[in-house]
A.B. asks: 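Here you go, one structure.
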2 protein chains.
Amino acid sequence: MSSTRDKSAPLDQSRLAHTLGYAIARAAVTTNQLFAQGVGDPLGLRPVEFTLLQLILSNPATTQKRLCDLLRVPAPQMTLILDRLQERGWLVRERDANDRRALHLRLTPAGTRLAEKSLAALQDSEQALEQVLTSGERLLLQELLAKVAR
Amino acid sequence: MSSTRDKSAPLDQSRLAHTLGYAIARAAVTTNQLFAQGVGDPLGLRPVEFTLLQLILSNPATTQKRLCDLLRVPAPQMTLILDRLQERGWLVRERDANDRRALHLRLTPAGTRLAEKSLAALQDSEQALEQVLTSGERLLLQELLAKVAR
DNA sequence: TATTGTTATACTCTATAACTATA
DNA sequence: TATAGTTATAGAGTATAACAATA
């Protein structure tokens, strides 16, 4: 130790402490890690793939366009993501009989099972947060985040 | 309108509503947009560059290693990011006289001015959130997020 | 041997434009 | 002329391994 500065002292983050974007980005590190441990690594799903499985399960026959708009994913990227889900046998695209431009999305039975299994796994994984948040705090946090997301 | 389904109805997100990761990811869309509008686009800064300017200003002579650990940025990427900040004249690297492997980071006067200006711009931009959150709610939100980030 | 930082490289992710087929 | 979706392509971001210098 040659310096007078304590090299093990935590870095001063005070300038960033009052920006909401920084607080959200740092919390996202934790939740991304929980996702990877509980869902991403064991089931081979990325966050956007997990999210799409849940949304398609709850909204059978929805179109790619609507998913793009909700998740702010550009259409070409959505095509590639859905291609991969389809290749793995979790998803089918059905052409709309009345508007033959549009595709309706549905999960296969295997896709439905994966959607259910992966959601349960994420909920298990996120229960680790009970060590730092009461269930009331957690509910409150989700309500406040929903207001920010509008 | 050929279908019986109401195509303008919002998608059902109920399966995701109780996962914290989804709530955080959706709130991050809002804060990323506020950052881009107020700071990123007008000042030509990416979030990680903005964050590094603030941290180096508050922690003069810190090392790259410590910033990598805090922000979970791999060392090779940190080298490239700092290269760009240095090229733009906002940063200098000084070799440690006692441990000649380590580099200490300092902002130039121009870098200091940019750090201050960009933080003020972000705070202005985030004030738009006052339309959806009271200042008490916002404080509470930041406290809860800090608990999650640990 | 271990650590700080760099170089080289490959891989993924993202964004855009151009295209098709339908309307 | 506009819309849903695809293809092609380029750019940015990210991860890993190998390396140089120093401890």
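Please read these numbers as outputs of a predicted model, since none were measured by experiment. A, B, ... follow the sequence lines: proteins, then strands. Residue 1 opens every chain.
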A.B. asks: C/dG5 P sits how many Å from B/L91 CG, rounded?
C.D. replies: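 Distance, rounded to whole Å: 12 Å.
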A.B. asks: What's the CG-C1' distance between A/N32 and D/dT14, to the nearest Å?
C.D. replies: 14 Å
A.B. asks: Under 3.5 Å, is there any donor-acceptor pair linking the side chain of B/R101 to the base of C/dT3?
C.D. replies: yes
A.B. asks: With the side chain of A/K65 defined as its heavy atoms from C-beta on, choose the nearest nucleotide among D/dA17, D/dG5, C/dG5.
C.D. replies: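 My answer, after comparing the listed nucleotides, is D/dG5.
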A.B. asks: Nearest to the side chain of A/L103, which nucleotide is it out of C/dT4, D/dT6, D/dA4?
C.D. replies: D/dT6
A.B. asks: Figure out the CD/C1' separation between B/E94 and C/dT4, and round it to whole Å.
C.D. replies: 17 Å
A.B. asks: Give me the atom names and distance for the closest heavy-atom approach of A/F35 to A/L45.
C.D. replies: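 In terms of heavy atoms, the two residues are closest at CE2-O, 3.4 Å.
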A.B. asks: Distance check needed: D/dG13 P versus B/M78 CE, whole Å only.
C.D. replies: 14 Å
A.B. asks: Check for a donor-acceptor pair, side chain of A/S118 on one end and backbone N or O of A/A115 on the other, with a separation under 3.5 Å.
C.D. replies: yes
A.B. asks: Quick one: side chain to side chain contact (heavy atoms under 4.5 Å, CB included) partners of B/L103, sequence neighbours excluded?
C.D. replies: B/Q64, B/R93, B/R95
A.B. asks: Find the distance A/R100:CZ to D/dG5:P and express it as a whole number of Å.
C.D. replies: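 Rounding to the nearest Å, CZ of A/R100 and P of D/dG5 are 13 Å apart.
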A.B. asks: Please report the distance, rounded to the nearest Å, between CD in A/E87 and C1' in D/dT6.
C.D. replies: 14 Å
A.B. asks: B/I81 CD1 to D/dA12 P: how many Å, rounded?
C.D. replies: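 Spelled out: CD1 on B/I81 to P on D/dA12 is 14 Å.
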A.B. asks: Taking the nucleotide of DNA chain C with the nearest heavy atom to each, does A/P74 or A/R95 sit closer to the 5' end?
C.D. replies: A/P74
A.B. asks: Please give, in whole Å, the distance from D/dA23 P to B/N98 CG?
C.D. replies: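 Distance, rounded to whole Å: 9 Å.
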A.B. asks: State whether the side chain of A/S125 and the backbone N or O of A/L34 hold a donor-acceptor pair below 3.5 Å, judged by distance alone.
C.D. replies: yes
A.B. asks: Which listed nucleotide (C/dG5, C/dA8, D/dT6) is nearest to the side chain of A/R93?
C.D. replies: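 Among C/dG5, C/dA8, D/dT6, the one nearest the side chain of A/R93 is D/dT6.
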A.B. asks: Check the side chains of A/Y22 and A/Q13 for a donor-acceptor pair under 3.5 angstrom, ignoring hydrogens and angles.
C.D. replies: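 Side-chain D/A pair, A/Q13 to A/Y22: present.
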A.B. asks: Reading DNA chain D from 5' onward, which residue's closest nucleotide shows up sooner: A/A102 or A/L80?
C.D. replies: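 This one resolves to A/A102.
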A.B. asks: May I ask you to verify if any side-chain N or O of B/Q77 is less than 4.0 angstrom from the OP1 or OP2 atom of D/dT14?
C.D. replies: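 True: B/Q77 side-chain N/O within range (under 4.0 Å) of D/dT14 OP1/OP2.
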A.B. asks: Return no unless some side-chain N or O of B/T79 is found under 4.0 Å from OP1 or OP2 of C/dT6.
C.D. replies: yes
